2 protein chains.
Amino acid sequence: MPEIHNHSTCVQTALTQAAQLCTERGVQLTTIRQQVLELIWADHHAVKAYDLLERIKPLQAAAKPATIYRALDFLREQGFIHRVESLNAFIGCCDLKTAHEQLLLICKKCENVEERHADLVMQALAQELQKAKFIAHSKAIEIHGLCADCTQ
Amino acid sequence: MPEIHNHSTCVQTALTQAAQLCTERGVQLTTIRQQVLELIWADHHAVKAYDLLERIKPLQAAAKPATIYRALDFLREQGFIHRVESLNAFIGCCDLKTAHEQLLLICKKCENVEERHADLVMQALAQELQKAKFIAHSKAIEIHGLCADCTQ
DNA sequence: AAAGTTATGTTATATTGTAACAATTATTTT
DNA sequence: AAAATAATTGTTACAATATAACATAACTTT
């Protein structure tokens, strides 16, 4: 995330694109799913499932763990969010339009998660996988440390 | 893992090196810790904490979750094992001597986990991190898919 | 409208991981 | 060797994360 960034635009773009993709794909962005997606986009931190559960309760009094996990499953299948494996948490995907692999930079201090394309890394990785004769289905590259803003 | 590999040698090396490093470092490779390390090295699959708990019970009747998690913490601190974040599981580290980053190739079929150095990937990653001005403390690169043996 | 599909409600439970404090064992200091 | 200190383990309880299974409701297609 650049220091200066208009977050409401950021969220609006994500929600609009998600809605559009759902229409194209003939799948339903139901109220619950949209609310979960909005809650995930509240900031650039990774959010835990049970935090989402607490946050959605004012909107969906009947919400239970399954409510959240089902919405998360859907949003992941559609590629709208990523699971941060090393945190058991979730973040909104910054680039719904172009298919891409995710390199996640997770700051220990501000807890922001930045998603980067990192084409060169992915290229080197593809080579390495070829060498290993390994057919990749999914890739998780998660780096923990300190982001640019937090290392002054 | 190469198809042909003498696993008992593989395990022996890991255990011997671990014991030696513990002596050098002045830390204790206690019975429990050694047993957990051996159980992790039983094969090249990632092992779950509660599976380890079941497997250690014949040897340590009093074993409880904390018993396992403490041993796992120790073994990780010493760099003898890795946590596979995307599986909530653990594997033995194949290279105790040279410090290195881990690229983990996780086969969905045979469930073997192969650890590779992947210097080119790490180099590209270092460049990307520099570009992002991100100071890395830990790196998890986990690829799920089909290994060479399972793609015939 | 009926049938089929998709989504949600609901209860219960499985899985993964930690906190806190007591008891024991190992190591260092006297 | 005895005492003091540190490290490890025992033990109980519980927190946090995630899924299964089945009932009900809502949409879609015919």
Side-chain angles (χ1 to χ4, degrees), chain A residues 18-19 21-37 39-40 45-78 80-91 111 140 142, chain B residues 18-19 21-37 39-40 45-78 80-91 111 140 142:
Chain A
L21 285 169
C22 282
T23 307
E24 281 175 32
R25 294 171 186 169
V27 295
Q28 308 174 46
L29 188 61
T30 62
T31 307
I32 290 180
R33 289 167 176 173
Q34 182 166 336
Q35 286 172 343
V36 171
L37 186 54
L39 288 171
I40 288 176
H45 297 183
V47 199
K48 305 209 146 231
Y50 278 73
D51 289 342
L52 287 170
L53 180 54
E54 289 316 303
R55 291 184 204 166
I56 210 176
K57 271 180 179 165
L59 306 168
Q60 297 287 340
K64 301 274 181 324
T67 314
I68 296 298
Y69 281 104
R70 283 165 178 160
L72 291 171
D73 285 348
F74 172 84
L75 296 171
R76 279 214 283 168
E77 279 161 16
Q78 299 301 322
F80 300 161
I81 63 173
H82 297 300
R83 183 171 202 278
V84 185
E85 302 290 351
S86 50
L87 293 178
N88 297 334
F90 303 85
I91 53 161
E111 298 187 308
E142 303 181 1
Chain B
L21 285 169
C22 282
T23 307
E24 282 175 31
R25 294 172 187 169
V27 296
Q28 309 174 45
L29 188 59
T30 61
T31 306
I32 291 179
R33 289 167 177 174
Q34 183 167 333
Q35 287 172 343
V36 170
L37 186 54
L39 287 171
I40 288 175
H45 296 182
V47 200
K48 306 211 147 225
Y50 277 73
D51 289 342
L52 286 171
L53 180 54
E54 289 315 304
R55 291 182 203 167
I56 210 176
K57 272 183 181 165
L59 306 168
Q60 297 287 341
K64 302 272 181 323
T67 315
I68 296 298
Y69 282 103
R70 282 166 180 164
L72 291 171
D73 285 347
F74 172 84
L75 296 170
R76 279 213 283 167
E77 278 162 16
Q78 299 301 322
F80 301 160
I81 63 173
H82 296 299
R83 181 170 202 278
V84 185
E85 302 291 352
S86 51
L87 293 177
N88 297 333
F90 304 85
I91 54 162
E111 296 189 309
E142 303 180 2

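Each chain gets a letter, A, B and so on, in the order its sequence line appears, and its residues count up from 1. Keep in mind it's a predicted model, so treat the numbers as computed, not measured. Side chains included, hydrogens not; waters and symmetry mates left out as well; all remaining heavy atoms used.
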Tell me the interatomic distance from [X], atom [atom1], to [N], atom [atom2], rounded to whole angstroms.
X	N	atom1	atom2	result
Tyr69(A)	dA12(C)	OH	P	20 Å
Leu53(A)	dA15(D)	CG	P	16 Å
Gln60(A)	dA7(C)	CD	P	15 Å
Asp73(B)	dT16(C)	CG	P	16 Å
Leu52(A)	dA16(D)	CG	C1'	14 Å
Gln28(B)	dA26(C)	CD	C1'	6 Å
Leu29(A)	dC27(D)	CG	C1'	15 Å
Arg76(B)	dT16(C)	CZ	P	15 Å

Looking only at the side chain of Ile32(A) (C-beta and beyond, no hydrogens), which of the listed nucleotides dT11(D), dT8(C), dA7(D) gets closest?
dT8(C)
Which nucleotide, dT11(D), dA21(D), dT8(D), lies nearest any side-chain atom of Arg70(A)?
dA21(D)
Look at Lys48(A) and dA16(D) and indicate whether a side-chain polar atom (N or O) is within less than 4.0 Å of OP1 or OP2.
no
Please confirm whether the shortest side-chain N or O distance from Lys64(A) to OP1 or OP2 of dT8(C) is below 4.0 Å.
no
Has Tyr50(B) got its ring stacked on the base of dT15(C), with centres under 5.5 Å and planes less than 30° apart?
no
Pairwise 5' ranking along DNA chain C for Ala62(A) and Phe74(A), keeping only the more 5' one:
Phe74(A)
Just to be sure I understand the rule, does Arg33(A) reach a base, reach only the sugar-phosphate, or reach nothing, if contact means heavy atoms closer than 4.0 Å?
sugar-phosphate
Using heavy atoms to find the nearest nucleotide of DNA chain D for Pro65(B) and Asp51(A) separately, return the residue whose nucleotide is more 5′.
Pro65(B)
Starting at the 5' end of DNA chain D, which residue's closest nucleotide do you reach first, Thr31(B) or Asn88(B)?
Thr31(B)
In Å and rounded to the nearest 0.5 Å, what is the NZ to CG distance from Lys64(A) to Leu53(A)?
9.0 Å
Report the residues that fulfil salt bridge (charged side-chain N to carboxylate O under 4.0 Å, His left out) with Lys57(B), sequence neighbours left out, ordered by chain and then residue number.
Glu54(B)
Are Leu37(A) and Arg33(A) packed together at the side-chain level, in the sense that at least one heavy-atom pair is separated by less than 4.5 angstrom?
no
Are side-chain heavy atoms of His45(B) and Ile91(B) found at a separation under 4.5 Å?
no
Please name the residue in the list Val36(A), Ile68(A), Leu39(A), Ile40(A) that meets the side-chain contact (heavy atoms from CB on, under 4.5 Å) test with Arg55(A).
Leu39(A)
